Each structure stands twice: as structure tokens, then as C-alpha cells.
Amino acid sequence: MSIYIDERTRVCVQGITGRDGSFHTGAMIEYGTHVVSGVTPGKGGQTRGGVPVFNTVHEAVSETGANATIVFVPAKFAADAAIEAAESGVELVVVITEGVPTLDAMRLYQRTKQLGVRLLGPNCPGLISPGKAKLGIMPGAIHTRGKVGVVSRSGTLTYEVVDSLRRGGIGQSTVIGIGGDPIIGTTFIDTLEAFEKDEGTTAVVLIGEIGGTDEEQAAKFIKEHMSKPVVGFIAGRTAPPGRRMGHAGAIIAGGKGTAEDKIEALSDAGVPVADRPSEIPGLLRATLGR
Amino acid sequence: MSIYIDERTRVCVQGITGRDGSFHTGAMIEYGTHVVSGVTPGKGGQTRGGVPVFNTVHEAVSETGANATIVFVPAKFAADAAIEAAESGVELVVVITEGVPTLDAMRLYQRTKQLGVRLLGPNCPGLISPGKAKLGIMPGAIHTRGKVGVVSRSGTLTYEVVDSLRRGGIGQSTVIGIGGDPIIGTTFIDTLEAFEKDEGTTAVVLIGEIGGTDEEQAAKFIKEHMSKPVVGFIAGRTAPPGRRMGHAGAIIAGGKGTAEDKIEALSDAGVPVADRPSEIPGLLRATLGR
Amino acid sequence: MKIHEYQARTILRGRGVPVPRFEVVTDPAEARRVAEEIGGMVVVKAQVHVGGRGKAGGVKLANTPEEAEQHARNILGMDIKGLTVHKVMVAHAVDIEREYYVGIVVDRATKGPVFMVSSEGGVDIESVAAETPEKIFKLPIDPVQGLTVSQAAQLAAHLDDRVEVVGQVAPVVTKLYNAFVASDASLAEINPLVVSPDGKVWAVDAKMNIDDNALFRHPEIAAMRDSADESDELRKAREMGLSFVKLDGNVGCVVNGAGLAMTTMDLIKFYGGEPANFLDIGGSSSPEKVMTAFDIITSDPNVRVILLNIFGGITRCDDVAEGLIEALEARPLSLPLVVRLTGTNETRARQILAEHGMESAQTMDEVVEKAVAMARGQA
Amino acid sequence: MKIHEYQARTILRGRGVPVPRFEVVTDPAEARRVAEEIGGMVVVKAQVHVGGRGKAGGVKLANTPEEAEQHARNILGMDIKGLTVHKVMVAHAVDIEREYYVGIVVDRATKGPVFMVSSEGGVDIESVAAETPEKIFKLPIDPVQGLTVSQAAQLAAHLDDRVEVVGQVAPVVTKLYNAFVASDASLAEINPLVVSPDGKVWAVDAKMNIDDNALFRHPEIAAMRDSADESDELRKAREMGLSFVKLDGNVGCVVNGAGLAMTTMDLIKFYGGEPANFLDIGGSSSPEKVMTAFDIITSDPNVRVILLNIFGGITRCDDVAEGLIEALEARPLSLPLVVRLTGTNETRARQILAEHGMESAQTMDEVVEKAVAMARGQA
């Protein structure tokens with residue numbers, strides 16, 4: 001089992017004819033993902049690796065029964081493309097595109113919320129249910145099928161943790177990168193709720209970073225609603241206030257969003273927080289051994 | 001072990017920014033292939049999924065140490081692109097492009113022969129050493145690591161045979177599609193010779209079809225030089241003379257190239273020829289059981 | 001692509017090969033006018049893309065312009081092996097002393113062009129090759145270097161021992177080679193190359209096939225395509241990118257990939273049936289291609305069942321199944337259909353088909369047996 | 001992107017917000033001319049992208065044009081927190097009766113803009129938020145609907161209870177919101193919003209940060225970038241697409257990915273060292289980016305060792321290793337380097353490094369411990 005995506009997910013790739021879209025379509029299909037269609041306005045009727053391309057998401061959905069889209073459309077048009085997808089009847093919209101203007105992201109978020117469509121991102125690496133489907137840009141080969149859910153605001157840091165889980169013999173149910181922008185669709189709480197309900201997940205790794213209060217809210221949710229063990233990690237303990245650490249969202253502003261606050265909140269919620277990524281597999285084993 | 005390509009093969013993708021090039025670069029990388037560079041004249045300095053793009057193969061080879069290229073360049077320019085590759089110092093040039101003019105293919109063949117560079121194709125599905133590298137367009141997932149070499153003039157027929165081998169628990173060392181054009185670089189004899197020498201290959205499946213006398217020559221080679229068992233299959237027993245069966249090379253012309261001739265030649269060489277693809281795993285087991 | 005005799009003649013004449021005077025006409029009165037202009041004996045030849053025109057009555061000698069007109073009237077509109085004659089060529093009929101064969105083909109073994117010459121010209125060269133192969137002299141040409149002067153002389157000397165004839169034939173083979181290369185031909189032949197009693201050399205019949213893959217650089221040749229000589233089915237198939245060959249059986253087949261398509265035909269025969277066609281929809285498989293393939297096959301009144309055999313590689317079987325069901329719901333088939341989808345996601349594909357009252361066989365053997373039985377009316 | 005106070009004032013004035021008269025000048029004589037034109041008391045303010053200008057002596061009141069010239073002379077060329085002052089703003093100094101704070105920021109929790117107003121204006125709003133949060137009134141705005149008339153009235157009424165003042169403040173907050181949206185700002189604030197003794201409302205100081213991702217649709221704002229306020233290192237980093245933050249330690253680090261880069265810094269601290277910087281070269285890793293990163297780091301005299309930590313995902317470790325070796329051979333480093341490559345093909349990467357006398361640590365812990373020891377001079 002897994003959350004949000006599995007072997008039944010039917011994927012439409014928006015921006016399939018672009019440089020990233022085409023490349024990652026190839027990689028997703030090779031991984032075994034069910035890519036049924038693509039969209040690039042003006043290029044309808046073409047194919048990419050046997051995948052039919054349509055001019056609109058509506059066509060792609062009605063012709064190929066796609067129930068999820070992944071958006072590689074350039075930042076200028078990404079939010080409109082994702083809104084088009086949300087309005088076409090898909091259940092999940094994953095926006096990989098980096099650099100989406102914040103006001104666009106707000107509009108996009110409000111629209112998906114109104115329609116009850118799950119939005120992941122923007123500016124995220126996507127998600128993977130190992131052995132089933134990959135809607136993202138992560139290297140598939142480091143992932144292994146298993147029962148630990150991973151949710152993260154980061155990209156390569158997640159790969160590092162997943163890689164160390166693999167070496168430690170711990171497989172994953174779903175690994176999900178929620179993205180590093182200030183306005184994102186799916187949050188820690190959403191995924192924790194889904195992992196809690198998922199029969200195929202027995203424990204969760206939560207990888208947070210400085211900025212915002214998402215981890216604090218996650219801690220509250222864990223305390224109140226979660227029965228499954230969660231292990232945490234927070235990046236940015238040494239980050240100075242007021243300086244943006246790469247991600248637009250990774251900034252300690254107004255005295256809020258420090259690593260200390262987050263670690264304290266998680267510890268209060270009974271979540272052991274690793275000091276270093278290398279401690280995560282051990283903490284997980286200890287937690288699962290309870 | 002395997003022939004021609006393995007985990008040390010460093011691949012340059014020619015035409016990496018095109019529709020097929022970009023897509024299959026993604027798929028090859030996801031499969032685990034070592035794609036180190038790409039070439040599209042005029043697009044040097046860009047990247048595709050982290051792969052640096054160069055204007056010339058010479059640059060790609062000297063900057064990234066590529067020792068093999070795979071060509072997705074459109075038919076009009078494919079032969080010149082492949083000749084450029086052969087002159088740049090790579091050891092293997094795989095031409096996927098379909099529809100290369102015959103006179104161009106002749107020029108290309110002569111040049112690679114002169115330079116001692118291995119040419120596969122044109123108009124071929126490429127080759128795969130399961131679990132190591134894929135330089136081609138075949139679906140990686142149907143292949144499994146093992147000790148049977150497969151060489152074929154066909155595409156989907158090869159997938160079908162490979163799929164049935166997998167179901168029968170027979171893995172492959174290397175699966176190679178030599179292509180269906182009249183003028184091709186690597187022939188049955190070349191691959192048989194390589195499989196004979198390869199320590200990781202214990203038996204070979206040869207999938208031929210009507211047209212030409214390559215299978216007859218292969219039979220002669222097997223009779224004289226091969227110690228490893230070979231199992232054959234010939235498509236086109238019912239093809240009428242003088243009509244081209246899809247592939248430009250699949251035509252019985254001047255009373256030559258019939259399936260009967262080929263089957264007889266192979267049988268004479270001690271190669272059991274399956275009447276149907278479904279018999280191949282069984283014949284292979286019987287042969288390996290000797 | 002095949003081109004007509006008169007088109008091949010035009011190409012060779014343009015390169016300086018001595019070709020007897022000719023014109024192509026589409027009505028009998030024109031044939032008379034041309035015969036008058038040429039003067040003397042003429043030959044009237046049907047221009048259709050098919051062999052055996054002579055036996056079918058499509059080639060006639062005429063002593064007078066009136067006779068030429070009469071022959072043209074008979075030949076125009078004639079049906080030769082299913083093709084209607086729309087054009088005839090009227091050409092000066094050269095007196096024949098000797099007939100030779102000179103031709104060039106692409107040779108797979110030497111991976112270059114190979115010249116073939118024979119002093120047994122004017123007859124079917126394939127029969128000569130089969131019965132008296134020693135009468136054909138073959139000379140492989142290095143495609144990079146091209147035909148050398150001494151090779152041209154060697155070929156000419158092989159045909160005739162008279163210095164003045166060799167002196168005429170050598171330039172002809174050189175020009176033929178140049179035309180072969182310059183036109184991206186896959187075959188170029190003059191049969192017969194005639195020596196007339198006055199010792200002159202003439203290219204009396206010419207044939208050229210052009211490499212389809214190279215037509216992009218020969219728009220003037222591409223424009224020679226005679227769509228009147230292409231059946232509706234072939235045109236439809238070509239336009240959709242399908243590879244189609246009509247056969248005489250009653251089991252229609254639609255397959256992705258040429259090798260798998262031939263294998264499917266072979267299995268039909270293996271199980272006692274007869275394939276109605278070869279049809280390759282290409283490596284991937286779109287519903288449009290499948291539907292066009294069905295259209296082509298159902299237009300053949302012999303067909304009693306259609307067999308769809310698809311290996312899902314990059315394109316997944318379940319997607320093919322869904323496309324198929326949608327297409328069939330939009331446009332139901334007039335013939336029974338048996339399906340076999342194998343490869344990526346075939347289990348799910350079978351499930352989808354089952355939900356719509358269809359089934360997919362597990363193996364190729366199974367589906368072919370079934371199709372053959374249905375064609376016989378046993379299923 | 002940060003813009004200067006005078007630029008934010010220009011944007012707000014353009015939208016009809018009452019802004020005291022001002023001009024920006026680059027030499028003292030100009031400052032005097034502007035002060036004469038404005039008349040009365042003026043304020044001379046350094047225009048640099050840094051907080052705490054007042055404390056640093058960069059903001060001065062002038063009673064006369066001569067005084068304004070003198071202040072401008074002192075302030076121009078002044079160094080404030082490492083930045084040289086190249087421009088000063090000369091503005092009419094409004095008499096102050098009350099000072100309010102009004103601002104809009106992007107709120108992650110409500111995923112929309114949130115208005116913040118406080119009657120404690122003119123001071124650092126973050127201190128107010130930390131010490132007396134109850135003095136800040138927050139109002140989330142629906143980004144689709146926008147700010148409503150009643151919300152504007154509610155915000156204004158929160159600040160002042162005088163009808164005539166509320167009647168002036170409500171349009172100001174509306175115009176501020178419109179400017180926020182129309183400029184794709186991530187922050188827009190007026191601090192203080194002043195009520196003068198005659199009951200008039202003035203935006204005395206203004207600050208706007210613009211969403212970098214939206215600059216493409218605001219070329220007029222993009223043109224406001226003041227490259228004089230950007231250090232060489234930051235410019236280099238920005239141009240190469242690197243994300244760089246200078247810190248005070250001595251262990252330089254080059255990492256791919258922001259989260260992994262922060263984690264690397266954290267580990268340096270964990271092992272008793274001090275990171276010299278945050279530096280993210282992006283998800284993939286080209287040799288050019290790595291070399292530019294090395295250049296930036298080696299220009300910091302505090303740095304004693306460079307730590308390279310790369311996770312090879314789609315980009316393979318062995319390729320990174322080779323690119324690194326080639327780059328280092330072309331341009332050797334002046335500082336010791338410790339490397340850790342992990343992920344796809346790391347074994348081969350270690351082998352390649354070993355062949356060139358380099359090594360890659362197995363784990364992040366190992367490489368960080370080593371770097372910290374080297375920075376301390378113990379290795």
C-alpha cells in the first residue's frame with residue numbers, strides 16, 4: 001500500500017514536449033509509471049515515446065482517463081496549467097516547476113482547495129510509491145518497496161535519507177517531497193493523515209527545515225491524531241535569522257521558524273528528532289521495535 | 001558479463017534535445033545507464049536532466065570521456081552524425097534512427113569499418129545488458145540478468161521472446177537488435193563471435209527473418225566456430241516472394257532469402273529452429289541441459 | 001518507390017544514355033501523332049507498375065501510325081494484374097542484333113552497390129540467376145570510391161568483344177551508375193541493352209526503383225509517384241504509416257512490429273489457416289492506427305476474422321485495451337475480432353477487456369488457434 | 001528582491017498614497033537644491049539595502065538647506081554594515097502626532113496575504129511582534145476576492161478612532177494592498193504611517209520586497225536592482241544560479257540542494273566547527289558551478305578548508321568525480337578540499353578520486369569531522 005499514487009494511477013504529463021517534461025516522461029515510464037497522455041498546447045496529435053499528446057488537459061483526461069497530472073510547464077504558465085488540470089477532473093496535480101510567482105501559487109492553492117483536488121508543490125521533487133509509480137524527478141533506483149512513509153520539504157536531503165534507509169534495509173511505502181516554497185498545496189499534516197490511514201505504512205520519517213511553522217503544526221497533529229511512530233529531522237539549526245537558505249520558504253523571520261522551536265515541538269509530541277541524518281535508520285528501528 | 005556494453009559504458013546521446021532523444025535519455029538514465037553527455041549542434045551549454053549538452057561529439061568525448069554514442073538524430077542527418085561520432089574516438093555507435101537512406105548507410109558502414117568502430121543499426125532498437133546498461137528503446141523492465149545472449153533483426157518480436165524467456169526464468173547477458181535495414185553495421189556473425197567469447201554467455205537465441213542471406217552465413221559461422229549452443233527462430237515462412245514485409249530488408253528477392261533456406265542452413269549447423277516463439281524457452285532448456 | 005519505364009528512360013536520357021526516341025501519351029490519337037513523328041516501326045507499351053506486361057498484351061509493335069493508334073486504343077484502359085492502364089509509351093523500335101542485361105542493386109553482403117551484367121539480356125534476369133547463374137557477372141563497387149574507369153571497361157568487355165561496342169557500353173554503365181547514385185536508387189537496370197545491326201548501342205528498356213528513405217532529397221522524383229497505380233488500401237496504409245501487404249487468406253491480422261507480424265502470419269499457417277494480409281502498425285500502437293488497419297482489412301471480402309496481436313512495450317497493454325474499447329464503441333466492427341495483448345500490464349489489460357465483454361488470449365498460439373477455428377466457422 | 005525606500009515611495013505615490021515630497025540625489029549640492037525646493041525641515045536618509053540606518057547615522061533631520069547639504073556630505077560614501085552609501089533621499093519632514101504600522105506579508109499558514117496593523121508604529125515591528133504581540137492586529141485576505149471595503153475600514157478603525165483619520169487611512173490600506181498585488185510584492189509596509197497635528201495622514205517610510213519569481217512581469221521593477229548594493233560574491237553566485245549566504249566560520253561548504261546544504265552546516269557545528277557559508281549549487285551539479293562556488297569561497301580569508309558534499313541522483317557520482325578532477329587540474333585550489341560523494345555510483349566515484357590521489361569519505365559524518373579537524377589545524 002501507499003498514499004496518493006500507486007499502480008492504478010494514470011498520469012498525464014503537462015509540458016511533455018519540453019526539455020524536462022520529455023526527459024522525465026521517459027524516466028517515469030521506464031520506472032513503470034502509467035503515463036497515459038501528455039499536454040502541450042499546439043502540439044496535440046503528436047506522440048512522445050508512444051504517449052499521445054493533447055492540446056488541453058480536458059482532452060487528455062477524457063481521451064485517456066488520466067487521474068493525476070505532473071506539471072513541467074515553465075514558471076510563467078505553470079499555475080494556469082495546474083488550474084486547468086484541477087478543473088479537468090483529475091484527483092492529483094503535482095507541480096514540479098520551480099520559480100512559480102507566489103501570487104500565482106496562492107490562486108492555484110485556493111482553486112484546488114475549492115475543487116477538492118490534491119495539489120503537491122509547486123517547486124517540489126514529486127512523489128514515488130516504490131515499485132508502483134513515480135510522479136517526480138527523483139532517481140527511482142535508490143528507492144525500495146517497504147512500509148516507511150517519508151515526507152520532506154527538501155530534495156537531495158530526502159534522497160540522502162532514502163538512500164540510508166535502503167542501505168539499512170528499510171523500504172518505503174511512499175516518499176513525498178512537499179516542496180520548499182512558502183505557499184505549497186500538500187502539507188506535512190495532509191501526508192501524516194494519509195500515512196496514518198494507509199495500511200501499508202507502519203512508521204513515518206518527517207524531514208523538516210527552518211522557516212514557517214509547518215513542523216510545529218505537524219507536531220500538534222501527531223500528538224493529537226497519530227498512532228504510528230514518527231521520526232523527525234530538522235535542517236537549519238545553524239542558519240542565521242533573516243537570511244534565506246536557498247528555498248524561498250527556508251528563512252527565520254520575525255523570530256519564528258527556528259530549528260529549536262521545531263525540535264522542541266516534535267519532541268513534545270513524542271517524536272524522536274535525529275541530530276544527524278545517519279541516526280534516522282537507527283531511531284526508526286528503535287521506534288518500530290517498541 | 002555481457003557483450004559490447006556494461007556498467008562501465010559511458011554514453012553520449014546524439015540528438016539529446018529532440019523528441020525521442022530527450023525521452024529515451026530519461027528512460028536510459030532511469031534504467032541505470034551511464035549517460036555522460038549529449039550532442040545537439042547549436043545547443044551546447046544546455047543540460048538535459050543534468051546531462052551536459054555539447055555542439056559536437058568531439059567536445060562531448062573529450063569533456064566527458066564518452067566511449068559509446070546512441071544516435072536519435074533525424075534520418076536526413078543521422079549518417080553524418082554517426083560518422084562524426086565514429087571519428088571522435090568512441091568504440092560503439094548505435095543508430096536508432098529509422099529511414100536512413102541506403103547510400104548514406106553504405107558511406108557510414110564503410111567509414112566505421114575503416115576506423116574499426118562498432119556500428120549497430122541503423123534502424124535498430126539498440127541493445128541492453130540487463131541490470132547494467134541500456135542503449136536503446138526497448139522496455140527495460142521485461143529484461144532480466146542472466147546468461148543467454150539474444151540477437152535479432154526485429155523489435156517487438158524480440159521483446160516477445162525476451163518476455164517469454166523471463167517468464168521461463170531464463171535471464172539474458174545481452175539482448176541486441178541488429179535492425180531490419182538492408183545495410184547494417186553489426187551482423188549476426190559479429191554478435192555470435194562476441195557471445196562465443198563472452199564468459200557470461202552460455203547460450204544464444206538467434207531471431208532471424210526472411211530476406212538476405214545473413215542467417216545462412218550465421219549458420220556457417222556457427223557450424224565452424226561456435227561451441228556454445230544456439231537456438232533459432234525465423235519469421236516469415238509464409239511471406240510471398242517480391243513483397244516487402246515492413247522492414248526494408250525483409251523481402252524475398254531473386255529466389256533468395258526464403259525462410260526454408262535459412263531454417264535448413266541453421267538445422268544443418270546443429271541449431272534447433274523453433275516453429276513458434278513459444279518453443280524457444282523449451283529448446284533452450286533442452287540445449288543447456290545437454 | 002517504383003517509377004515507370006518512361007520516367008526511368010527520362011532520367012537515363014538526361015545523363016546521356018542513348019535511349020530510343022519516345023513519348024508517353026494518354027489517348028490513341030496522340031499515339032498516332034507520336035508514331036508519325038518518330039517514323040518507322042514503333043513499340044506501344046503499357047506504363048503500369050507491374051511485371052509481365054508483354055504476356056498480358058500490354059506491349060505491341062506497330063508498323064504504321066494507324067497500327068500504333070489501334071494498339072494504344074486496345075492497351076489504354078486494359079487491366080493488367082488488377083491495375084488499369086492510363087498511359088502508354090510510344091517508342092522507336094530499334095533493330096536488335098544482340099541483347100544484354102546491365103543492372104545495379106544494393107548488396108547486403110558487401111554493403112555497397114553491386115553491378116550485374118549478362119550477355120543473356122531481354123529475358124527475366126531472376127530466371128537467369130536461378131537457372132544459369134554462371135551467365136551473370138557480378139562486380140561489387142566501393143560506394144566511397146565509386147565505379148572506376150577500369151571497372152566500367154571490365155563490365156563492358158564482359159558483354160561484347162568488339163572494340164567499338166565496348167567503347168559504347170563502358171560509358172553507358174558509367175552513366176547508369178551515376179544515375180543510380182544521383183537518384184538514390186535501390187535498383188537501376190537496362191534490360192535489354194541492345195546492339196543494333198549497325199553496331200549502335202541502345203537502352204531499350206529501363207527500370208529504376210528509388211529508395212523511399214531518400215525521396216526527401218529528390219522532390220522531382222517524388223513527384224513522379226503515380227497514385228493511380230496504388231490501391232485505396234495501400235494509399236490509406238501509407239498515409240497512416242502502416243505497412244500493409246495483401247494476401248489471399250481469410251484471417252486478417254493487425255500486429256505491431258514487422259517481425260511479430262510475420263510470425264503471426266506464420267502461426268496462422270502453422271495452425272492450418274491462411275493469413276489475409278501482413279499488417280504492421282509500427283512499434284507503438286495508437287487507436288487511430290488500429291482503426292485504420294481494421295478499415296483496410298474489412299474492405300477485403302475474403303476476411304472472416306480479425307486477429308489483433310500487440311506487444312505492449314513502452315506503450316502499455318492496458319492503455320491499448322482502453323483505446324481499443326473506445327474505438328470499437330465509437331465504430332463497431334463488422335467482423336469478429338480476437339485479441340491478444342502481451343507485455344507491460346497485460347493482466348490489467350485482460351481485466352479491462354473482460355469488463356467490456358471481450359477477452360485477451362494468454363498466448364500467441366492460443367489466439368491464432370482461435371482465429372483459425374473461427375475463420376473455418378468452427379467457433 | 002529588495003528595493004530602496006525611495007523606489008517603494010515612488011510606487012506608492014503612483015497609486016495615490018500620500019507621500020511627503022522627496023527626491024533622491026547623489027551629491028551634497030543637489031541635496032541642498034532639493035531642500036530649498038521642498039522648504040522647511042527635511043530629512044536626509046541613506047538609501048542602502050540594510051536595516052538600522054538611523055542607528056548608524058544614516059538618517060538626519062535638517063532645518064536648513066545648508067544643514068541638508070552638510071548631512072548629505074557626511075552620509076554619502078558612509079559605510080553601513082559593509083555597504084557604501086551612493087544615494088541619499090531628501091524628503092519633507094512631516095510633523096508627527098501619531099505613528100502607526102501597516103504592512104502586508106505572504107502568510108504560509110492561510111496561504112494568502114495577511115494584513116498587519118499596529119498603533120505602535122515607527123519602531124521595529126518584529127520587536128513588537130515578539131514582546132507585545134497583542135498590539136498587532138492581523139487580518140488574512142482572500143487572494144481571489146482581494147481586500148474588501150469593509151476590511152479596509154476595519155483595519156483603519158483599529159488604528160484610530162477619529163472619523164476623519166479613519167476616512168484617510170482606509171484608502172491608504174486599500175492602495176497599499178493594490179500596490180502589493182500589482183507589484184507581486186512579498187512584503188509591503190508603511191512604517192510609520194503618520195498622522196500630523198493638522199490631522200493629515202502621511203506614508204513617511206515605505207518598504208517593499210518583490211517576489212523574485214515574478215520579476216519577469218515587472219521589467220520596470222526589475223530595472224530598479226541596485227547592483228552597487230550587491231557584493232561581488234553574491235553577484236557571481238546569482239549569475240551562476242548558486243544560492244549563497246556568507247557566514248562567519250572557517251569551514252567553507254559546497255553542497256547540492258538547500259536542505260542538504262543546511263544539514264551540512266548543522267553537522268559542522270555538531271562536530272565543533274563553524275560553517276563559513278551556506279552554498280547550494282542546485283539539485284544537479286555541473287563542474288562550472290562547483291568551480292564558481294570554490295572561487296566564491298576562497299575569496300573569504302577566514303576559510304581554512306572546503307567541504308564538498310554531493311548527492312548524486314540523476315547526475316551520477318562518478319561523473320561528478322571526473323568533472324571535479326578535470327576542473328581541479330585546470331585550476332588548482334588554494335585551500336585543502338575534503339570530498340564526499342554519495343548516491344548513484346559512489347563506489348566508482350571513490351575509485352576515480354583514488355586514482356588521482358584524492359579520496360571521498362563514506363559518510364557525511366566522516367567528512368564533516370575531517371573538515372572540522374582540518375580547520376582546527378589538527379589534520
Side-chain angles (χ1 to χ4, degrees), chain B residues 27 75-76 98-107 109-111 113 125 137-139 141-142 152-160 163 180 182-184 207 209-214 217 233-240 243-250 253-256 259 275-278, chain C residues 51 105-109 111-113 125-127 129-130 142-144 180-181 184-186 211-217 243 245-249 255-270 274-275 278-280 282-283 310-314 342-344 363-365 368:
Chain B
K76 284 186 189 188
E98 196 181 330
V100 175
T102 305
L103 289 183
D104 292 5
M106 288 178 184
R107 267 197 305 127
Y109 174 79
Q110 299 295 340
R111 189 69 182 130
K113 189 179 157 197
I137 59 171
M138 62 288 288
I142 60 170
S152 172
R153 282 169 67 186
S154 174
T156 48
L157 175 57
T158 316
Y159 308 166
E160 167 111 20
D163 200 41
I183 306 293
I184 52 171
I207 306 166
E209 65 187 24
I210 54 159
T213 55
D214 287 7
Q217 289 159 24
F233 180 78
I234 303 293
R237 294 171 186 232
T238 51
R243 311 292 291 275
R244 171 180 157 175
M245 299 285 120
H247 292 161
K256 285 214 174 154
D275 281 334
R276 296 168 289 159
S278 54
Chain C
V105 293
V106 169
D107 185 44
R108 302 161 64 110
K111 320 228 180 200
I125 194 68
E126 292 192 358
S127 313
D142 179 327
V144 177
F180 175 88
V181 172
D184 269 295
S186 54
D211 180 2
D212 288 321
N213 292 341
L215 283 178
F216 69 87
R217 52 190 174 206
S243 183
V245 177
K246 167 106 182 60
L247 302 171
D248 300 324
V255 187
N256 68 332
L260 197 60
M262 281 190 273
T263 304
T264 306
M265 285 161 46
D266 296 349
L267 248 69
I268 291 170
K269 188 87 175 176
F270 180 90
E274 287 292 341
F278 166 91
L279 200 156
D280 169 17
I310 300 286
F311 189 97
I314 300 257
T342 196
T344 317
T363 67
M364 214 189 324
D365 292 89
V368 170

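Numbers restart at 1 for each chain; the letters A, B, ... are given by sequence-line order, proteins then strands. On a predicted model such as this, the values are computed, not experimentally measured, just so you know. Quick note: numbers below take in every heavy atom, side chains included, and nothing from hydrogens, waters or symmetry partners.
Annotation: side chain of Phe278(C) is not in contact with side chain of Pro240(B) (no heavy-atom distance under 4.5 Å).
Neither the backbone nor the side chain of Lys113(B) comes within contact range of chain C; no heavy atom of the residue lies under 4.5 Å from a heavy atom of that chain. Looking at Ser154(B), the atoms closer than 4.5 Å to chain C (heavy atoms on both sides) all sit in the side chain, from C-beta outward. With a 4.5 Å cut-off on non-hydrogen atoms, Asp107(C) touches chain B through its backbone but not through its side chain. The part of Leu247(C) that comes within reach of chain B is its side chain, from C-beta onward, which places non-hydrogen atoms under 4.5 angstrom from that chain. Glu209(B) touches chain C through its side chain: at least one heavy atom from C-beta onward sits under 4.5 Å away, while N, CA, C and O do not. For Ile137(B), the part lying near chain C is the backbone, with the side chain staying farther off; criterion is any non-hydrogen pair under 4.5 Å.
Exactly one residue among Asp212(C), Asp211(C), Asp184(C) makes a side-chain hydrogen bond (donor to acceptor under 3.5 Å, both in side chains) with Thr102(B). That residue is Asp211(C). Each of Leu267(C), Thr263(C), Asp266(C) was compared with Arg237(B) under the side-chain contact (heavy atoms from CB on, under 4.5 Å) criterion, and only Asp266(C) meets it.
Listed options Met106(B), Arg153(B), Met138(B), Glu98(B) were ranked by heavy-atom pairs under 4.5 angstrom with chain C; first place goes to Met106(B). Contact tally against chain B (heavy-atom pairs below 4.5 Å) for Ala129(C), Pro113(C), Ser186(C): the top residue is Pro113(C). Ranked by heavy-atom pairs under 4.5 Å with chain B, the list Asp365(C), Thr342(C), Val368(C) is led by Asp365(C).
Listed by chain and residue number, nothing satisfies the side-chain hydrogen bond (donor to acceptor under 3.5 Å, both in side chains) test with Thr363(C) (two or more places apart in sequence, or in another chain). For Arg243(B), there are no side-chain hydrogen bond (donor to acceptor under 3.5 Å, both in side chains) partners, not counting sequence neighbours.
Minimum heavy-atom separation, Thr238(B) to Met262(C): OG1-O, 4.5 Å. Residues Arg108(C) and Gly249(B) share a closest heavy-atom pair of NH1-O, 2.8 Å.
Listed for the Asp280(C) side chain is no donor-acceptor partner under 3.5 Å among the backbone atoms of Gly246(B).
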